[in-house]
Every structure is written in structure tokens, then in C-alpha cells.
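Chain letters run A, B, ... following the sequence lines, proteins first and then strands; every chain starts at 1.
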Number of protein chains: 2
Amino acid sequence: MELKRTAEGEKGFEKVFAFLRERLLAGSLKPGDRLISERELASLLGVSRPIVREALRALTVLGIVEIRDRIGTVVTRPDVSVLNDFFTFALAQQADMLDDVMQARVAIECQAIRLACERANIADFERLQRALAKIGETIDEADAGGMADFDFHRAIVVASHSETLTVLHSSMAGLLTHSHRSRRELVQAFPSMKTYLIDDHRRIFEAVIARDPERADATLRKHFAIGDEYRRRAVVGDIDKSSASG
Amino acid sequence: MELKRTAEGEKGFEKVFAFLRERLLAGSLKPGDRLISERELASLLGVSRPIVREALRALTVLGIVEIRDRIGTVVTRPDVSVLNDFFTFALAQQADMLDDVMQARVAIECQAIRLACERANIADFERLQRALAKIGETIDEADAGGMADFDFHRAIVVASHSETLTVLHSSMAGLLTHSHRSRRELVQAFPSMKTYLIDDHRRIFEAVIARDPERADATLRKHFAIGDEYRRRAVVGDIDKSSASG
DNA sequence: TTAGCATACTGGTCTGACCAAGATCAGACC
DNA sequence: GGTCTGATCTTGGTCAGACCAGTATGCTAA
């Protein structure tokens with residue numbers, strides 16, 4: 001379809017990019033390999049060095065390679081930061097996407113917790129337990145509390161032993177950190193939130209321990225729903241906007 | 001923490017990239033806007049044009065801007081292709097990631113179907129129904145059948161009216177298309193798969209129509225599980241590997 | 001054998017230049 | 001006066017060659 005890559009008809013950048021893409025996808029360039037120097041690449045493909053740099057830079061932002069100053073360019077294992085950047089930019093231009101990203105996060109986490117029920121090992125359990133304890137300890141602190149909350153949820157995803165889920169989750173995590181924090185600041189406003197936070201997370205933890213995917217998923221979903229409800233109430237209570245038009 | 005962007009201490013590329021990132025994230029550069037020319041940007045930031053091009057190219061592969069030959073560089077709405085590229089590269093270097101990506105896909109789709117139950121409109125229902133009909137019609141064709149299957153699942157995600165979920169789903173879709181196809185080729189091998197494919201999808205459809213998130217999610221999950229089972233049986237039957245160490 | 005230095009090599013960047021084609025505006029023509 | 005045409009300006013696309021600053025290497029001298 002859109003192949004014929006590395007043929008002659010391409011512009012400079014495309015040529016270099018396609019050349020590298022080919023080797024990368026074919027596997028002849030594996031993580032850890034060092035590419036030939038920019039100069040060699042340039043003369044090899046009949047383009048100038050700036051063009052080669054464009055291509056290398058492109059692969060860099062995709063997290064495929066890493067340009068090391070005065071050392072060379074090496075192939076790396078795909079990195080999270082790409083998705084992070086993407087979501088960051090995407091969100092900046094469409095702020096309404098935040099709820100949307102939250103939905104994706106819920107999706108990832110609920111799937112992760114199901115897998116975690118099957119795959120979690122002792123170390124995962126311990127990590128979860130530590131995170132759970134931390135939540136209890138930092139219940140009155142906005143910053144530390146938010147982080148503890150985040151750590152717990154991340155521990156769930158890590159326990160799924162799925163790299164893709166982990167990558168996706170952490171790429172969205174940064175963006176949702178703010179909402180995490182602001183939610184945490186509601187603890188003072190809603191005293192009932194303390195028990196919600198502690199009990200919910202404990203129930204989630206117990207479901208994972210019990211290795212009961214259905215219960216874990218359902219409990220986690222409920223947890224998110226209640227969190228949303230708190231946030232909604234806070235908005236209405238504070239600003240009292242959107243009171244019209246039901 | 002890691003700010004101080006656009007300060008003086010940065011290297012050329014970082015300076016330009018940070019400069020643009022700032023405006024992009026702050027919103028002073030919105031989709032549709034045209035950037036100043038490369039030359040202006042270069043002199044403005046005190047770097048050379050090749051460096052500016054690196055930065056612009058970086059933003060291009062991130063799907064943030066589009067460089068139009070002899071026109072200029074314009075800000076675009078974030079595009080799916082980034083994630084597509086990323087997953088493609090990532091998968092190429094870790095083939096074992098395929099099951100992992102499948103998990104992510106299940107995650108997205110199950111969340112999407114829940115949202116679809118709430119948000120789907122008549123048009124969505126019709127699209128689903130058409131896709132469902134197509135599945136029945138093409139049940140004996142590998143290619144068309146696979147596409148019909150794929151369309152149905154995509155219709156679910158579209159019906160969620162969540163752009164993020166849609167983006168994530170479609171970015172993984174291409175990669176899983178092969179497995180879709182190969183699964184479809186099993187139809188001949190397992191006659192019972194016909195009813196499985198048709199009935200399952202109909203049940204899923206009905207659950208969405210009924211706007212029953214729990215049932216929809218559960219049905220969809222079961223659908224995936226059975227599909228996995230078929231695939232597993234096919235592998236065992238065909239190749240009979242992994243028969244030991246059950 | 002080993003310590004030390006010269007050198008080749010690497011990425012990082014700049015300068016200035018050329019090309020092709022879209023954008024613009026002045027002048028010519030209707 | 002209005003419209004069309006073409007010269008010119010501007011834009012991206014690219015190249016060639018050069019310089020810098022460290023790294024890596026290897027050769028030489030101790």
C-alpha cells in the first residue's frame with residue numbers, strides 16, 4: 001500500500017527515516033545497537049548531515065533511539081515518554097479531553113486489576129500493602145496523600161505484569177496528577193471522604209488478595225465512581241455553576 | 001522542578017523545542033495557527049535553521065504540527081499516527097508484547113462499551129447493526145470477515161463518544177489486524193466458530209441496545225476469552241507445541 | 001609494561017548558499 | 001476601473017563545508 005520505502009522517489013528526510021525504520025522493524029537494528037555515524041549515514045544515503053539529524057531526532061522523540069553526545073546513536077527500548085508527550089500536547093489543546101483521558105485510565109486500571117488478580121506475586125502484594133498503609137498515614141496531607149493514592153493505583157497496574165498497560169497508565173498518570181491533588185484537597189471539605197479513601201482502597205486490596213477479578217474490577221469501578229461524585233459535589237457546592245439546564 | 005524552560009542554559013534543539021512546547025501547552029499556539037518561518041524562528045532564538053528544523057520535525061512526528069512545503073508550519077490537532085508508530089516500533093522489538101497489547105485493547109474496548117451503553121445514539125446503533133449484519137454475510141470469507149469483525153468492534157468504541165479511547169483503540173487496531181485475520185482463518189477449521197462469531201456479536205449488540213453496561217462488558221469479555229480459547233486450541237492442534245509442562 | 005599524549009572520530013552547531021514553488025503585489029491590458 | 005499576468009518575495013527542502021568539544025583509540029616514550 002504505502003510501501004516502496006527506501007526507494008529512490010523519496011525526499012531526503014523520508015529516505016533516511018524509512019531506511020532506519022526498515023531496519024528497526026525488520027529487527028536488524030535491535031535495542032543496544034549503535035548506529036553508524038551521522039556522517040556515514042549521510043554519505044551512505046546521499047543526503048546531508050542535517051537531514052540525517054532530522055531523522056535521528058524524529059526517532060529520538062519516538063523513543064526509539066537515543067543520541068549520545070560524542071558517543072553515537074544507539075537503539076533503545078521504546079520509552080513511555082512519547083505517549084506522555086503526546087497526551088500532554090493533546091490535552092493542552094483540548095482541555096475537555098481530561099474526562100476522556102480519565103475514562104481511558106479507568107479502562108486500563110480495571111483491566112490491570114483483573115490481570116493482577118491472576119498474576120500478582122508476593123512482592124506485588126507487599127507493595128500494595130505498603131501503599132495502602134501510606135494512604136492511611138497521609139490521609140490528612142494533600143500532597144503526600146495524593147502521592148500515596150497514586151502509588152497505590154500504580155501498584156495495581158504494576159501487579160498486572162503487563163508492560164503495555166503500565167506504559168499507558170503511567171503516560172496518563174502525570175496528566176491526571178493534578179486532578180488527583182485537587183481531589184485530595186477535598187478531604188478537608190468532606191470528612192466522609194477519609195473513610196471512603198481508606199475503606200475503598202482496602203476493599204480493592206482485599207479483592208486482589210482474594211484473586212477475585214470480578215470483585216476487584218467492580219470495587220475499583222465503584223471507587224472511581226464515588227470519586228467522581230465527590231468531585232461533582234465539590235464543584236456544585238463551591239461554584240454552584242451548571243445549576244441550570246438540569 | 002524540571003522547568004526553567006526557554007532559559008539560556010539549553011542546547012539549541014532543546015531551546016527551540018521548549019520554546020514551542022511552551023506556546024503549545026499554554027495555548028498561545030492553537031491548532032490551525034501558522035508558525036513564523038523557520039528563518040525567523042532561527043534568528044529569534046539565536047540558533048541555526050537546521051536546528052529549528054530538528055525541532056519542527058520532532059513536533060511533526062509527535063503529530064503536533066505539520067510542515068507544509070513552501071507554505072509554512074501549521075499547528076494540527078494531535079494525531080493518532082504517533083501512537084501507531086510507537087506501538088509498531090515497540091512491537092517490532094518485543095514480539096511478545098502482542099498479547100500485552102491485546103490486553104490493552106480489551107481494556108479499552110470494555111470501557112468503551114460501558115460508555116457506549118450510556119452515550120450511544122441512533123446512528124451508533126445503526127452502525128453497529130450494519131456491522132453485525134456484515135459479520136453474518138461474510139462469515140465464510142477470511143478477509144472480508146476479519147474486516148467486518150474489526151468494524152463491529154470499532155463501532156463499539158466509536159459509540160463510546162470518547163476520543164481518547166477511540167485514538168488508543170485505533171492505534172492498536174492496526175497491529176492486531178493480523179491476529180484478527182489469522183483468527184478468521186480458523187473459521188474453516190472450527191465450524192463451531194461460526195455460531196460463536198455471529199451469536200457473540202449479536203449478544204454484545206443486544207446488550208448495548210439494552211443499555212446494560214454490566215452485561216455488555218461481561219459479554220464482550222467472554223467473547224474475547226472464547227476467541228483466545230479458539231486460538232489456543234488452534235495452536236495446540238496445528239503445531240502441538242507446548243504440550244509439555246502443562 | 002605502562003603512562004601519557006596526539007589524533008581520529010563523534011555528536012552539536014553554524015554559516016551561507018541554492019532550488020522550486022506558493023503568495024503577493026504592481027503594472028499592463030481589457 | 002477592474003481583472004489578469006508576471007516579477008519578486010517568501011517559504012520550506014537541502015546541501016556543502018566548517019568549527020568546537022569531548023571521547024576513544026592507539027602509538028610513543030618512559
Side-chain angles (χ1 to χ4, degrees), chain A residues 2 4-21 23-24 29-76 79 81, chain B residues 4-21 23-24 29 31-76 79 81:
Chain A
E2 53 152 346
K4 203 201 64 168
R5 252 67 206 245
T6 323
E8 301 308 319
E10 287 159 328
K11 299 298 179 186
F13 168 81
E14 295 293 340
K15 198 193 307 189
V16 183
F17 192 77
F19 175 84
L20 293 173
R21 180 220 294 272
R23 329 257 139 172
L24 256 353
L29 278 178
K30 295 175 294 296
D33 290 357
R34 194 156 89 246
L35 272 60
I36 59 180
S37 76
E38 298 178 354
R39 286 171 239 263
E40 283 182 89
L41 211 43
S43 74
L44 175 63
L45 296 177
V47 299
S48 65
R49 200 145 84 89
I51 301 303
V52 171
R53 301 212 90 234
E54 280 184 38
L56 293 180
R57 191 68 81 173
L59 289 173
T60 299
V61 301
L62 282 176
I64 313 294
V65 306
E66 183 182 343
I67 305 179
R68 292 185 190 157
D69 198 354
R70 276 155 253 138
I71 303 288
T73 306
V74 300
V75 182
T76 65
D79 184 24
S81 57
Chain B
K4 203 201 67 165
R5 283 316 178 5
T6 325
E8 302 309 317
E10 288 159 329
K11 300 298 180 187
F13 169 80
E14 296 292 341
K15 199 194 304 189
V16 183
F17 192 77
F19 176 83
L20 294 172
R21 180 219 294 271
R23 329 257 140 172
L24 256 353
L29 278 177
D33 290 358
R34 199 159 78 241
L35 271 60
I36 58 180
S37 76
E38 298 177 353
R39 290 171 174 86
E40 284 182 88
L41 211 43
S43 74
L44 175 63
L45 297 177
V47 300
S48 65
R49 202 146 82 88
I51 301 302
V52 172
R53 301 212 89 233
E54 278 184 40
L56 294 180
R57 191 68 81 175
L59 289 174
T60 298
V61 302
L62 283 177
I64 313 294
V65 305
E66 182 182 343
I67 305 180
R68 294 188 188 155
D69 197 354
R70 275 154 255 137
I71 303 287
T73 306
V74 300
V75 183
T76 65
D79 186 21
S81 57

Exercise. Is the backbone N or O of B/I64 less than 3.5 Å from a side-chain atom of B/T76, with the two atoms forming a donor-acceptor pair by type?
Worked result: yes
Seminar exercise, completed: Separation of C/dG22 atom P from B/R70 atom CZ, nearest Å, is 6 Å
Exercise. Are OP1 or OP2 of C/dC9 and a side-chain N or O of A/S37 less than 4.0 angstrom apart?
Worked result: no
Seminar exercise, completed: In Watson-Crick or G-U wobble terms, with both distances under 3.5 Å, the base opposite D/dT23 is C/dA8
Problem set entry | Under-4.0 Å side-chain N/O to phosphate OP1/OP2 contact, B/S48 with C/dT15 | no
Problem set entry | Nearest non-hydrogen partners of A/V47 and A/G12, listed with the distance | CG1-CA, 4.0 Å
Exercise. CG of A/D69 versus P of C/dG11: gap in Å, rounded?
Worked result: 9 Å
Problem set entry | Nearest non-hydrogen partners of A/R34 and A/G72, listed with the distance | CD-CA, 4.4 Å
For this session: Specify the residue among A/V47 and B/G72 whose closest nucleotide of DNA chain D lies further upstream toward the 5′ end.
Result: B/G72
For this session: Measure the distance from CG on A/L41 to C1' on D/dC15 and round it to the nearest whole Å.
Result: 16 Å
For this session: Mind checking A/R49 for me? I need base, sugar-phosphate or nothing, with any heavy atom below 4.0 Å counting as a touch.
Result: base
For this session: Quickly work out the B/I51 CD1 to D/dC19 C1' distance and round it to whole Å.
Result: 14 Å
Exercise. Whole Å only: how far is the CD atom of A/E40 from the C1' atom of C/dA8?
Worked result: 13 Å
Seminar exercise, completed: In whole angstroms, the gap separating P of C/dA8 from CD1 of A/I71 amounts to 19 Å
Exercise. Given that A/P50 and A/T73 both sit by DNA chain C, which one's nearest nucleotide is further toward the 5' end?
Worked result: A/T73
Seminar exercise, completed: Residues A/S48 and A/A42: closest non-hydrogen pair is C-CB, 4.0 Å
Exercise. Quick one: B/F13 CZ to C/dC14 P, roughly how many Å, whole number?
Worked result: 13 Å
Seminar exercise, completed: note: A/R39, atom CZ; D/dA16, atom P; distance rounded to Å ~ 14 Å
Exercise. What's the shortest heavy-atom distance between A/I51 and A/F13, and which atoms?
Worked result: CG2-N, 3.4 Å
